[in-house]
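For the single chain, residues carry numbers from 1 onward in sequence order.
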Amino acid sequence: MPPQRPNFTREDGRRTFVVKELAVLADRRGHGIGRDLHRCPLHGITADRATLTVRPEAPAAAWYERLGYTLVEHTQPWDGAPIYRTLQKTLRT
């Protein structure tokens, strides 16, 4: 695994909003539900960025990029865990 970008994990309690989990049933996708579920918690927050992890093969991986997230790195949260794409979206500059 490549090392993390310098300063990426620096936090001050307000720097990052983490999208922990978001799921839409397969038969409900394509109707804007995921976009609305994602947009609501981000509305009005003062964090500089949002981050999340997603499995590369998940349909949501490309969807998050269409929402403006960019790849930061690939991570493996624990030994034996699958590799995840760590994505970031700038909210404030």
Side-chain angles (χ1 to χ4, degrees):
M1 302 280 313
Q4 291 183 343
R5 291 183 349 193
N7 206 27
F8 180 72
T9 58
R10 180 190 59 76
E11 291 298 338
D12 61 11
R14 296 179 306 271
R15 181 176 188 218
T16 304
F17 179 86
V18 177
V19 178
K20 187 69 172 165
E21 240 180 276
L22 177 67
V24 176
L25 294 171
D27 65 338
R28 302 285 195 249
R29 294 178 189 150
H31 300 285
I33 296 168
R35 184 183 60 245
D36 290 345
L37 284 173
H38 179 265
R39 184 179 23 216
C40 286
L42 295 180
H43 180 73
I45 65 169
T46 59
D48 297 336
R49 65 187 185 175
T51 63
L52 58 88
T53 59
V54 63
R55 295 280 300 268
E57 71 277 6
W63 180 79
Y64 283 120
E65 290 181 7
R66 289 193 302 274
L67 289 179
Y69 284 85
T70 57
L71 178 66
V72 174
E73 63 185 1
H74 289 89
T75 56
Q76 186 177 28
W78 63 89
D79 288 341
I83 304 296
Y84 288 84
R85 291 172 53 103
T86 299
L87 306 174
Q88 174 182 316
K89 179 178 183 172
T90 300
L91 302 175
R92 297 175 347 131
T93 55

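Of the possible polar contacts, one joining the Q76 side chain to the A81 backbone as a donor-acceptor pair under 3.5 Å is found. Remark: the backbone N or O of V24 is paired with a side-chain donor or acceptor of R29 at under 3.5 angstrom.
Taking each heavy atom of P82 and P77 in turn, the nearest pair found is O-CD, 3.8 Å. Shortest non-hydrogen contact noted between T16 and A47 is C-CB, 4.0 Å. L42 and A50 make their closest contact through CD2-CB, 4.2 Å (heavy atoms, listed as atom of the first residue, atom of the second, distance).
One hydrophobic cluster, built from ILVMFWY side chains closer than 4.5 Å, cannot hold both Y84 and L71; they sit in different ones.
The number of heavy-atom neighbours closer than 6.0 Å to CZ of R28, taken from other residues, nucleotides and ligands shown, is 12 or below.
Atom OG1 of T53 sits about 11.0 Å away from atom CD of E73, to the nearest 0.5 Å. To the nearest 0.5 Å, atoms CG (L52) and CZ (F17) are separated by 10.5 Å. The distance from the CD atom of E57 to the CD1 atom of I83 is 11.0 Å, given to the nearest 0.5 Å. Between Q88 atom CD and D48 atom CG the span is 9.5 Å, to the nearest 0.5 Å. Rounded to the nearest 0.5 Å, atoms CG (L67) and CZ (R35) are 8.5 Å apart. Remark: H38 NE2 to Y69 OH distance equals 2.5 Å, nearest 0.5 Å.
Side-chain contact between R85 and R55: absent, with no pair of heavy atoms (C-beta onward) separated by less than 4.5 Å.
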Could you please spell out the steps behind the side-chain contact (heavy atoms from CB on, under 4.5 Å) verdict for T51 and V72? CA-CA 9 Å; T51 63; V72 174; over 6 Å; no

